[in-house]
Participant: 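The following block contains the structure, expressed as structure tokens.
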Protein chains: 2
Amino acid sequence: MHEVAELAGVSRMTVSRALNHPEKVKEKVRQRVFDAVSQLGYVHNHLARSLSSSKSNVIGLVLPSLENSIFSATVKAISDVLRPAGFQLMLAESSDDPKDEEIVISNFLAQRVAGLVLHSTRHSPAAIRMLRGANVPVVENGDMPVDPIDMVVSYSNRAAAKAMTLHLARMGYSKIGFASLANPRATERQLGYLDALAEAGLAPDPRRIVNVSRGFGGGAEAIAHIEHVAPDTDALFCAGDVLAVGALLECNRRGWAVPGRLAIASFDDLDLLRHVNPAITALRLPRAEIGRRSAEMLLARIFEREIPVQSVDLGFEIVQRASS
Amino acid sequence: MHEVAELAGVSRMTVSRALNHPEKVKEKVRQRVFDAVSQLGYVHNHLARSLSSSKSNVIGLVLPSLENSIFSATVKAISDVLRPAGFQLMLAESSDDPKDEEIVISNFLAQRVAGLVLHSTRHSPAAIRMLRGANVPVVENGDMPVDPIDMVVSYSNRAAAKAMTLHLARMGYSKIGFASLANPRATERQLGYLDALAEAGLAPDPRRIVNVSRGFGGGAEAIAHIEHVAPDTDALFCAGDVLAVGALLECNRRGWAVPGRLAIASFDDLDLLRHVNPAITALRLPRAEIGRRSAEMLLARIFEREIPVQSVDLGFEIVQRASS
DNA sequence: GAGAATTTTGATACCGGTATCTTTTTGAGT
DNA sequence: ACTCAAAAAGATACCGGTATCAAAATTCTC
């Protein structure tokens, strides 16, 4: 920057101003500075800027898993809001482990991120202490937490799972099974499923509740489990990722009629669900909207604008299709 | 840090050393420093560290699209290598537009990233100039480029597409179609497809080459195109993402026998391809390995270790399944 | 136990910007 | 032309660390 200043015949301060608040510098001088910048190929140093002004332009995002395609819509939406505002996105993975998340958060704080998005609502006490102490805007995403750290943009896993289960019950299914992964969000969903059974007057049956592994294979596991342990199950609510597709494909393979032999419903409305045969009934969750709102709320907080609400429940929608 | 130093009764320099090179500080003093750190909840400032030492611990990653699940394996692998080494990942999207990429790169350079991974081999001249000038280690990923900026870890789109097309030809298909998106990698793949036709002595037929849109819908578009324009096509090579699945599902819907009426092959071996019926023949690309090696090469360069090769072609593998 | 070699600690400058306050320039009003 | 307020530019200190070299403490040698 020093060289730019010399070449333009002004002080470093003027260069800084020309770059950050062009309107504060006279047209002629500004032009000289810009010329010098491009002539020297000068690249602004955001590190120094952030350090000096204690204002960073990086937002940290913590996801449970980097491999899960479900999050890509959220990431994309966040990035789309952040970029025009001149912010960068930093990414890390918590593996749904509060201890890992704590490390990741502490790294982000060390980078002096301007804000954080956490796709998780379970945090270690130390992590919460750090975040509260750091006075950094935080948005939580994965669920509606009981005791939010700061801001929240999400839907309620429990409410959504309950709604879908009730929907199945209303369609006449009475032996509804539940398949999910083992993570905090799945646990909430299971509670919602049980809520719904109770409300519909159906007896919960542990035989119909199954934990499976990730991916399409998990869906097949669920079907195998049902055949083995509770063959009279008439509907299966797959509360995770691509489980429903895996289950459907496995049914196709076995020649089970869907929904005749077994109805299938999914927790998340992947594009794929519309294209398989039969198309799968699903909960549509506002993944992109969550990202957009999260980023907007962060920016509002960073620029010290008023934010209307601290906590936004974006809800969900049931999309009834042929599989149920 | 000043307060930590006071509380521990040492100089700031000693605190810095205790944190960065613990072995350079006497056991007793080190302990006092650590105690002070945790007592005060001190969070190291990486910004200041990077500025002062001109060594950043952030790696920039530029992807063509943040929505595409294909990249998640690569991202995950990069992150897994970077994290233990104390590096953070910064993410941005180029939309396959060299101009957008240029902006993103310039932002990353402004953040003084320690290294860059570019999942693209098409760059604007200005971007190349910046990168060469910045003296930052760069790995390119999406293809084997003719004129690499620095390091390369990839496979060759052209070679892979050629291999798959030849594979289909050898299996006896002679009217092979090609469906792809419109992006630089797809263009290379099309060249490979044409290479193969020439080598197999098959006449290329523009009616069998179709550009489609992203997602499962694109596969359906391809099938519709074939029925309309070149119904005698006996095999379709889908050179992009989930196209093959979309095509297969559309065939199922129409009752076309696969591979009887039309064989289908995919460019990328998504997990899904193994689970649909029939399972789809595919090119297996070393997505995770690419991420791992890219990150390792960057780290090697950053730590000034010798790197054995500048350019790594990790190749590909043809997985023959029921769809062809 | 003196002196040399080595290890540990500290003092100081600087990384590359911006905040803040001061000085200079500009220009409007009379 | 002169005054004075406002706008533009500059001087200086500092953001929070680390590099570097000097000083102090420790260990080793004979």
Side-chain angles (χ1 to χ4, degrees), chain A residues 1-34 36-37 40-58 86 106-114 134-136 302 304, chain B residues 1-34 36-37 40-58 86 106-114 134-136 302 304:
Chain A
M1 178 177 258
H2 185 73
E3 299 172 21
V4 175
E6 282 204 331
L7 182 56
V10 297
S11 70
R12 286 184 305 156
M13 199 54 236
T14 302
V15 175
S16 172
R17 269 196 281 260
L19 262 38
N20 293 300
H21 312 281
E23 78 285 356
K24 299 241 165 198
V25 171
K26 263 227 198 123
E27 166 64 25
K28 228 178 73 185
V29 178
R30 195 192 317 156
Q31 203 48 57
R32 271 210 324 271
V33 170
F34 286 153
V37 163
L40 293 168
Y42 165 75
V43 181
H44 193 107
N45 188 330
H46 275 184
L47 255 45
R49 193 175 82 77
S50 300
L51 178 61
S52 175
S53 63
S54 39
K55 282 187 185 79
S56 143
N57 69 333
V58 176
S106 120
N107 281 330
F108 278 165
L109 292 181
Q111 299 283 353
R112 295 298 187 268
V113 292
N135 197 29
V136 168
I302 290 166
E304 288 171 356
Chain B
M1 179 177 256
H2 185 74
E3 299 172 21
V4 175
E6 282 205 331
L7 182 56
V10 296
S11 71
R12 286 184 305 155
M13 199 54 236
T14 302
V15 175
S16 173
R17 268 196 283 258
L19 263 38
N20 293 300
H21 313 281
E23 78 285 357
K24 298 242 165 196
V25 171
K26 264 230 199 117
E27 165 63 24
K28 229 178 71 186
V29 179
R30 195 192 318 156
Q31 204 47 58
R32 272 210 323 272
V33 171
F34 287 153
V37 162
L40 293 169
Y42 165 76
V43 181
H44 193 106
N45 188 330
H46 275 183
L47 256 45
R49 193 176 82 78
S50 300
L51 178 61
S52 175
S53 62
S54 39
K55 281 189 185 80
S56 142
N57 68 142
V58 176
S106 120
N107 281 330
F108 279 166
L109 292 182
Q111 300 283 352
R112 296 298 187 269
V113 292
N135 197 29
V136 168
I302 291 167
E304 288 171 356

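Below, chain A is the first sequence line, B the second, and so on; all start at residue 1. Only a predicted model underlies this, so the values are computations on that prediction, with no experimental measurement involved. Just so it is clear, the values below take in all heavy atoms, side chains as well, and ignore hydrogens, waters and symmetry mates.
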Participant: Can you identify which nucleotide, out of C/dG17, C/dG10, D/dG17, has its nearest atom closest to the B/M1 side chain?
Facilitator: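 Out of C/dG17, C/dG10, D/dG17, the nucleotide with an atom closest to B/M1's side chain is D/dG17.
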Participant: Taking all non-hydrogen atoms of both residues into account, name the closest pair between A/G9 and A/R32 and its distance.
Facilitator: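 Scanning both residues completely, I find the closest heavy atoms to be O-NH2, 4.0 Å.
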Participant: Polar atom pairs between nucleotides 19-23 of chain C and protein, under 3.5 Å, N or O only, would you list them?
Facilitator:
none

Participant: Return yes if some donor-acceptor pair links the side-chain N/O of B/S52 with the main-chain N/O of B/A48 below 3.5 Å, else return no.
Facilitator: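 Not confirmed, B/S52 side chain does not pair with B/A48 backbone.
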Participant: Starting at atom CD of B/E6, determine the distance to atom P of C/dT9, rounded to an integer number of angstrom.
Facilitator: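 Rounded to whole Å, this separation is 18 Å.
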Participant: Starting from P on D/dG16, measure out to OH on B/Y42 and report it in whole angstrom.
Facilitator: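 Interatomic distance, OH of B/Y42 to P of D/dG16: 10 Å.
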Participant: Would you mind reporting whether B/Q111 and B/V58 have side-chain heavy atoms less than 4.5 Å apart?
Facilitator: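 They are not in side-chain contact.
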Participant: For the side chain to side chain contact (heavy atoms under 4.5 Å, CB included) test, which of A/V33, A/V37, A/L7 pairs with A/Y42?
Facilitator: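 So the option named by the test is A/V37.
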Participant: Please pick, from C/dT9, C/dG17, C/dC15, the nucleotide with the shortest atom-to-atom distance to any side-chain atom of B/L51.
Facilitator: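 Looking only at side-chain atoms, B/L51 lies closest to C/dC15.
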Participant: Determine the minimum heavy-atom distance between B/R49 and B/H44, stating which atoms define it.
Facilitator: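 Answer, listing the atom of B/R49 first, then B/H44: CD-NE2, 3.3 Å.
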Participant: Classify the nucleic acid contact of A/H44 as base, sugar-phosphate or nothing, counting any heavy atom under 4.0 Å across all strands shown.
Facilitator: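 Sugar-phosphate contact only.
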Participant: D/dC15 C1' sits how many Å from B/R49 CZ, rounded?
Facilitator: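 Going from B/R49 (CZ) to D/dC15 (C1'), I get 17 Å.
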Participant: For residues A/L47 and B/L51, report the shortest heavy-atom separation together with the two atoms involved.
Facilitator: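 Taking A/L47 first and B/L51 second, the nearest heavy atoms are CD2-N, 4.2 Å.
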Participant: With no angle test and no hydrogens, is the base of C/dG17 tied to the side chain of A/R12 by a donor-acceptor pair under 3.5 Å?
Facilitator: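 Answer yes: a donor N or O sits under 3.5 Å from an acceptor.
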Participant: By nearest nucleotide on DNA chain C, pick out whichever of B/G9 and B/S54 is the more 5' one.
Facilitator: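 The residue closer to the strand's 5' end, by nearest nucleotide, is B/G9.
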Participant: Write down the atom of A/A114, the atom of A/S56, and the distance for their closest heavy-atom approach.
Facilitator: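 So the minimum-distance heavy-atom pair works out to CB-O, 3.4 Å.
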Participant: Hey, does B/R112 have a side-chain heavy atom less than 4.5 Å from the side chain of A/H46?
Facilitator: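 No, their side chains stay 4.5 Å or more apart.
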Participant: Run the side-chain hydrogen bond (donor to acceptor under 3.5 Å, both in side chains) test against A/N107 and tell me which residues pass, sequence neighbours left out.
Facilitator: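 None.
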Participant: Let me have DNA chain D in dot-bracket notation, would you? Count Watson-Crick plus G-U wobble pairs, both distances under 3.5 Å, and use [ ] for pairs crossing earlier ones and | for inter-strand partners.
Facilitator: ||||||||||||||||||||||||||||||
Participant: The side chain of B/V10 lies closest to which of these nucleotides: D/dG17, C/dG10, D/dG10?
Facilitator: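 Among D/dG17, C/dG10, D/dG10, the one nearest the side chain of B/V10 is C/dG10.
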Participant: Taking side-chain hydrogen bond (donor to acceptor under 3.5 Å, both in side chains) as the test, write out the residues that go with A/R30, two or more places apart.
Facilitator: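 Testing A/R30 for side-chain hydrogen bond (donor to acceptor under 3.5 Å, both in side chains), a comparison that skips the adjacent residues, returns A/E27.
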Participant: Rounded off to whole Å, could you give me the CZ-to-C1' distance for the A/R112 and D/dG16 pair?
Facilitator: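 Result: 9 Å.
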Participant: Check side chain to side chain contact (heavy atoms under 4.5 Å, CB included) between A/K55 and all other residues, then give those that pass, not counting sequence neighbours.
Facilitator: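 Once residues adjacent in sequence are excluded, the partners of A/K55 under the side chain to side chain contact (heavy atoms under 4.5 Å, CB included) criterion are A/S53.
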Participant: Go through residues 23-33 of chain A and report each residue with a non-hydrogen atom lying under 4.0 Å from DNA chain D, sorted by number.
Facilitator: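 By residue number: A/V25, A/K26, A/V29.
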